[in-house]
Amino acid sequence: MADVKEGKEYAPVDSPPYDDEPMRKFYVTVDSEHRSKQLKLWSFMPPHMLSFQVNWIAFFTSFLSTFAAAPLISIIRQDINLTKTSASCAAIASIFGTCFSRIAMGSFCDAFGPRLGHIAILSLTSSAVFLMSMVTNVAGFVVVRMCIGFSLACFVCCQFWTSIMFSTNVVGSANAFAGGWGNMGGGATQLIMPYLTTAIAEHVPEYEAWRWAFFLPGACHVIIAGVIMLVAQDLPDGNYHELKKKGLQQKSNPKREMVVALSNYRTWILMLCYALSFGVELTVDNNLHTYFQTQFSKSLVASGNLAAVFGMFNIISRPLGGVISDVFAKYMGMRGRIIWLWLCMAIGGALCIGVGVNEESFSATMVIIIFFSFFIQATCGAVYGIVPFITRRALGLTCGLIGAAGNLGGAVTQAAFFTASTITIYDSYKWMGVASLVCAMSSLFISFPMWGGIFNGPRAGATEEEYYFADWSEQERAEGQHLSVMKFANESKSQRGMKRIAEDRKSAPIKGEDTA
């Protein structure tokens with residue numbers, strides 16, 4: 001199993017001196033790129049774990065603010081005369097706008113690093129969160145929700161940061177814990193905003209109370225951006241701008257990186273999978289509170305508590321999706337990651353259909369929702385267990401494209417299944433589940449030449465170096481630019497699977513391989 005540690009701090013560990021690099025001190029075991037081979041969940045030691053902690057908290061904050069309006073819709077509707085259609089349009093706007101900001105953030109991270117990415121997007125969108133308190137009409141509500149939704153681009157920074165801070169043996173777990181704990185903000189806001197609004201309403205009218213409540217997520221944006229600026233760093237060896245000055249970080253080429261990301265069919269398959277997993281999660285976040293209020297006549301606070309169960313399950317579901325992906329990879333290689341992705345998505349889609357089929361029993365609905373939340377969120381963790389291996393050169397943009405697909409999926413499922421007044425809430429969940437189940441089949445066709453896929457083995461003679469070097473043109477390779485991924489290509493041989501690694505070890509040991 002991936003080396004996931006928690007608890008007390010550990011003494012510094014000397015990093016092995018690869019090539020002509022000097023010995024450095026880290027508080028974790030590191031690989032040849034000084035990425036951590038351990039995930040110490042409760043540690044705040046720099047640089048790896050401190051960056052991990054502020055990373056997921058930043059993403060959590062973006063979810064907290066983006067979905068802060070969802071549990072308060074019944075109050076906001078009365079205040080500014082929202083209809084069901086306009087409320088749905090606002091929900092679509094809050095996640096659709098993020099499609100563009102996530103793609104842009106991918107290129108930004110490749111060029112300037114995830115640290116500045118978090119700082120920029122949290123700072124810029126904080127004003128939109130504060131402006132929600134001044135909204136007086138439907139148009140303003142829709143526009144402000146869309147602007148707040150841009151903050152979900154923090155997800156790209158989040159997954160990119162963990163991908164460059166953690167080694168291949170725990171990268172799935174690191175991505176999943178950071179993403180899952182961040183997504184938990186969607187559940188936390190279902191609890192926090194109703195309670196906060198109710199408390200404020202004891203001192204001011206209710207139509208003013210919900211406005212004052214938005215100052216909490218707005219303040220969180222400003223505070224977290226400041227903390228990241230002061231204490232975090234992009235890479236184990238420093239920040240992007242510092243390393244570029246020293247010639248230790250490759251310069252970004254956005255046009256070439258776009259070609260690399262879009263020409264890789266695996267990017268498109270994972271975009272589809274993420275659209276119908278994370279997209280489904282976003283749609284449920286936007287509609288579950290209202291569902292409990294209208295279908296089971298629950299109060300504002302009670303509906304928030306119940307809806308929070310779905311979002312709060314991210315504390316274990318998405319992380320386990322990544323952890324199990326790493327476990328499968330240890331024994332079965334990349335093929336194991338692909339199998340786990342398919343299983344999670346197929347089961348999640350079937351359970352979504354189950355929510356639609358069950359129309360009467362509240363207790364049965366809650367049981368199904370618990371299992372549904374686990375598998376659909378674990379799917380997200382499984383997706384980003386594969387993403388770091390698609391391309392190294394265009395990793396940030398690839399994270400952005402796949403993340404944007406998740407938001408696009410949320411906008412499409414919201415528009416297709418939850419907007420029209422002629423479709424019942426049960427049919428909405430039923431058909432959304434069918435769509436997810438069908439799209440799960442696409443994951444079966446993911447394959448890598450050096451590792452194979454579910455239906456085929458590795459291509460004879462294919463190597464990790466050959467695969468990752470192909471992202472550079474002949475001229476760039478002649479200049480030696482491709483050598484920046486040499487160490488990662490070597491580390492990624494861990495994705496061959498236990499049986500093949502044992503066979504390879506008989507002929508030649510894999511440099512940097514984690515044999516624990």
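Ring to ring, Trp212 and Phe215 are close: their centroids are under 6.0 angstrom apart. No close placement of the Phe112 and Tyr240 rings is indicated, their centers lying 6.0 Å or farther apart. Proximity of the aromatic rings of Phe372 and Phe310 is defined here by a centroid distance below 6.0 angstrom, and this criterion is met. Between Phe371 and Phe375, the ring center distance fails the sub-6.0 Å criterion. Note: Phe214 and Phe130 fail the aromatic proximity criterion, with ring centroids not under 6.0 Å apart.
Side-chain contact between Asn175 and Ser163 is present, with at least one heavy-atom pair separated by less than 4.5 Å. No side-chain heavy atom of Met165 sits under 4.5 Å from any side-chain heavy atom of Val28. Within the 4.5 Å cutoff, the side chain of Asn407 has no heavy atoms near those of the Phe155 side chain. Residues Met432 and Val280 meet the side-chain proximity criterion, which asks for heavy atoms closer than 4.5 Å. A heavy-atom distance below 4.5 Å is found between the side chains of Tyr274 and Ser277. Contact check for Val171 versus Thr162: no side-chain heavy atoms found under the 4.5 Å cut-off. You'll find the side chain of Asn264 reaches within 4.5 Å of the side chain of Thr267, heavy atoms only. Put simply, the side chain of Phe488 reaches to within 4.5 Å of the side chain of Glu33, judged on heavy atoms.
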**Request:** Go through Phe59 and Asn183 one step at a time and tell me if the side chain to side chain contact (heavy atoms under 4.5 Å, CB included) criterion holds.
**Result:** CA-CA 7 Å; Phe59 184 36; Asn183 281 1; 3.0 Å; yes
**Request:** Decide yes or no on side chain to side chain donor-acceptor pair (under 3.5 Å) for Asn287 and Gln414, but give the supporting numbers first.
**Result:** CA-CA 9 Å; Asn287 293 278; Gln414 177 74 36; 2.7 Å; yes
**Prompt:** When you look at Arg266 and Ile269, which way does the side chain to side chain contact (heavy atoms under 4.5 Å, CB included) test go after all the steps?
**Reply:** CA-CA 5 Å; Arg266 301 164 193 86; Ile269 291 181; 5.7 Å; no
**Request:** May I have the step-by-step check of side chain to side chain contact (heavy atoms under 4.5 Å, CB included) for Asn305 and Tyr195, ending in yes or no?
**Result:** CA-CA 10 Å; Asn305 292 340; Tyr195 276 115; 3.4 Å; yes
**Request:** Please assess Thr398 against Thr391 for the test side chain to side chain donor-acceptor pair (under 3.5 Å), listing each intermediate value before the final yes or no.
**Result:** CA-CA 8 Å; Thr398 302; Thr391 171; 5.3 Å; no
**Message:** The test is side chain to side chain donor-acceptor pair (under 3.5 Å); show your working for Ser86 and Thr83 and say whether it passes.
**Reply:** CA-CA 5 Å; Ser86 58; Thr83 63; 3.0 Å; yes
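Residues forming a side chain to side chain contact (heavy atoms under 4.5 Å, CB included) with Met366 (at least two apart in sequence, or on another chain): Phe292, Leu306, Val309, Phe362. In this structure, the side chain to side chain contact (heavy atoms under 4.5 Å, CB included) partners of Ser107, at least two apart in sequence or on a different chain, are Leu397. In terms of the side chain to side chain contact (heavy atoms under 4.5 Å, CB included) criterion, residue partners of Asn239 (sequence neighbours excluded) are, by chain and number, Arg115, Gln233, Asp234, His241, Glu242. A search for salt bridge (Lys or Arg N to Asp or Glu O under 4.0 Å) contacts involving Arg102 returns nothing, not counting sequence neighbours. When the ring-ring contact (aromatic ring centres under 6.0 Å, His included) test is applied to Phe418, the partners found at least two apart in sequence or on another chain are Tyr429. Remark: Ala213 pairs with Met193, Leu196, Thr197, Ile200 by the side chain to side chain contact (heavy atoms under 4.5 Å, CB included) rule, at least two apart or across chains. Looking at residues two or more places apart in sequence or on another chain, you find no salt bridge (Lys or Arg N to Asp or Glu O under 4.0 Å) involving Arg77.
Considering every non-hydrogen atom in both Ser436 and Met345, the closest pair reads O-CE, 3.7 Å. Smallest separation of non-hydrogen atoms from Leu351 and Ile368: O-CG2, 3.5 Å. Smallest separation of non-hydrogen atoms from Ser325 and Gly385: OG-CA, 4.0 Å. Minimum interatomic distance between Cys439 and Leu276 (heavy atoms only, all atoms of both residues): SG-CG, 3.8 Å. Closest heavy-atom contact between Leu39 and Met49: CD1-CE, 3.9 Å. Closest of all the heavy-atom pairs between Ile119 and Ala225 is CG1-O, 3.7 Å.
Residues Asn314 and Glu281 bring a donor and an acceptor atom of their side chains to less than 3.5 Å of each other. Side-chain contact of Ser88 with Thr419: a donor-acceptor pair under 3.5 Å is present, judged by distance alone. There is a side-chain donor-acceptor pair under 3.5 Å between Asp427 and Thr424.
Put simply, the side chain of Trp210 never gets that close to the backbone of Leu72: no donor and acceptor are under 3.5 Å apart. Looking at Ser65, its side chain does come within 3.5 Å of a backbone N or O of Ser62 through a donor-acceptor pair. In terms of modelled atom types and a separation under 3.5 Å, the side chain of Trp340 and the main chain of Gly321 share a donor-acceptor contact. Put simply, the side chain of Arg393 never gets that close to the backbone of Asn253: no donor and acceptor are under 3.5 Å apart. At distances below 3.5 Å, not a single donor-acceptor pair connects side-chain atoms of Lys37 with backbone N or O atoms of Thr168. Panel note: side chain Ser428, backbone Phe417; a donor-acceptor pair is recorded below 3.5 Å. Remark: side-chain polar atoms of Thr189 are paired, donor with acceptor, to backbone N or O of Leu64 under 3.5 angstrom.
The ring pair (Phe, Tyr, Trp, His ring centres under 6.0 Å) contacts involving residues 133-152 comprise nothing, where partners must be two or more places apart or lie in separate chains. Applying the side chain to side chain donor-acceptor pair (under 3.5 Å) test to pairs two or more places apart or on separate chains, those with a residue in residues 125-141 are Thr125-His221. Annotation: side chain to side chain donor-acceptor pair (under 3.5 Å) contacts involving residues 45-55, sequence neighbours excluded, comprise Gln53-Trp56, Asn55-His118. Among residues at least two apart or in separate chains, side chain to side chain donor-acceptor pair (under 3.5 Å) pairs with a member in residues 363-384 are Ser317-Gln377, Asn358-Thr365, Ser361-Ser363.
Atom CD of Glu208 has more than 12 heavy atoms from other residues, nucleotides or ligands within 6.0 Å.
Between Phe313 and Phe374, the two ring planes are perpendicular [angle over 60°; tilted spans 30° to 60°].
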Side chains of residues 142-149: which donor-acceptor pairs under 3.5 Å do they make with residues two or more places apart or in other chains?
unit_1: Arg145; atom_1: NH2; unit_2: Thr66; atom_2: O; d: 3.0

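Electrostatic pairing of Asp326 and Arg337 counts as a salt bridge here, judged by a charged N lying under 4.0 Å from a carboxylate O.
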